[in-house]
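Single-structure report; data block below.
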Amino acid sequence: GVGGAGVGGATGTDAGVDAAPATLTQIWNAVLGDQGDGTSPSCRTCHNGRAGIPNFTSTLTSFTTLVGVASESCRPGIRVIAGNAESSILVNKLRAGSGFMLATVCGGDPMPRGDRLITLDQLHMIESWINAGALNN
């Protein structure tokens with residue numbers, strides 16, 4: 001019959017080649033939470049619930065203090081704009097602090113502070129999560 005094997009599937013196409021977007025849980029485990037293994041910039045050490053900055057003590061507090069929330073240091077920007085990493089303040093601050101690219105911080109300090117830089121893979125995880133809709137996942 002017509003329309004047999006491969007229709008709608010990945011056979012013979014590049015579908016499925018790109019990695020799935022990162023989840024917030026994966027980002028929290030790999031980047032925001034301190035795993036104590038030297039691979040995390042230890043974001044939650046400073047982002048621990050103090051007023052005026054995102055709170056990374058859990059995935060839920062990370063989500064509720066990032067997505068759709070006005071930036072305190074880069075007004076009138078939004079910390080994370082679901083579907084738009086390029087315009088999200090979080091991405092601006094991480095790019096400015098990453099050392100991988102020339103980026104000027106919009107206000108406040110580039111992130112992360114200190115000598116625990118974010119890796120390019122970690123930055124791409126965050127960008128993929130935002131561009132996929134910044135879900136509470």
Side-chain angles (χ1 to χ4, degrees):
V2 177
V7 174
T11 306
T13 71
D14 66 356
V17 172
D18 292 333
T23 66
L24 180 57
T25 299
Q26 290 169 326
I27 291 165
W28 192 86
N29 288 332
V31 185
L32 304 178
D34 183 8
Q35 303 309 298
D37 58 7
T39 62
S40 162
S42 304
C43 303
R44 78 170 174 185
T45 302
C46 295
H47 288 270
N48 58 9
R50 290 186 317 188
I53 62 174
N55 179 344
F56 300 148
T57 56
S58 71
T59 55
L60 180 59
T61 59
S62 299
F63 179 81
T64 59
T65 62
L66 283 174
V67 180
V69 177
S71 170
E72 297 284 329
S73 61
C74 296
R75 293 182 181 177
I78 302 297
R79 290 174 179 163
V80 168
I81 301 169
N84 190 343
E86 191 68 28
S87 297
S88 295
I89 299 304
L90 176 64
V91 172
N92 169 268
K93 288 188 167 260
L94 292 174
R95 285 180 179 173
S98 70
F100 298 113
M101 55 203 75
L102 293 176
T104 303
V105 71
C106 55
D109 295 317
M111 290 290 145
R113 286 179 170 170
D115 59 357
R116 304 280 299 272
L117 296 179
I118 192 170
T119 68
L120 192 55
D121 284 345
Q122 290 168 339
L123 178 61
H124 288 161
M125 283 178 71
I126 292 167
E127 291 172 338
S128 76
W129 169 71
I130 295 171
N131 285 332
L135 303 177
N136 185 8
N137 58 2

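All residue numbers in this chain count up from 1 along the given sequence. Keep in mind the model is a prediction, meaning the values are calculated, not measured.
Under a 4.5 Å side-chain heavy-atom criterion applied to ILVMFWY residues, the cluster that includes L60 comprises that residue alone.
At distances below 3.5 Å, at least one donor-acceptor pair connects side-chain atoms of S128 with backbone N or O atoms of A22. Between the side chain of W129 and the main chain of L135, a donor-acceptor pair closer than 3.5 Å is present. Between the side chain of N29 and the backbone N or O of T25, at least one donor-acceptor pair lies under 3.5 Å. Distance alone, capped at 3.5 Å, places no donor-acceptor pair between the S87 side chain and the N84 backbone. Checked by atom type and distance alone, the side chain of N92 never pairs as donor or acceptor with a backbone atom of R79 at under 3.5 Å. Q122 places a side-chain N or O within 3.5 Å of a backbone atom of A30 that can act as its donor or acceptor partner.
From R95, atom CZ reaches atom CD1 of I126 across 11.0 Å, with rounding to the nearest 0.5 Å. Between the CD1 atom in I118 and the CE atom in M125 there is a gap of 9.0 Å [rounded to 0.5 Å]. Here SG of C46 is found 12.5 Å from CG of N55. Values are rounded to the nearest 0.5 Å.
The ring-ring contact (aromatic ring centres under 6.0 Å, His included) contacts involving residues 56-75 comprise H47-F56, where partners must be two or more places apart or lie in separate chains.
Put simply, the residue from I89, V91, L90 that forms a side chain to side chain contact (heavy atoms under 4.5 Å, CB included) with K93 is I89.
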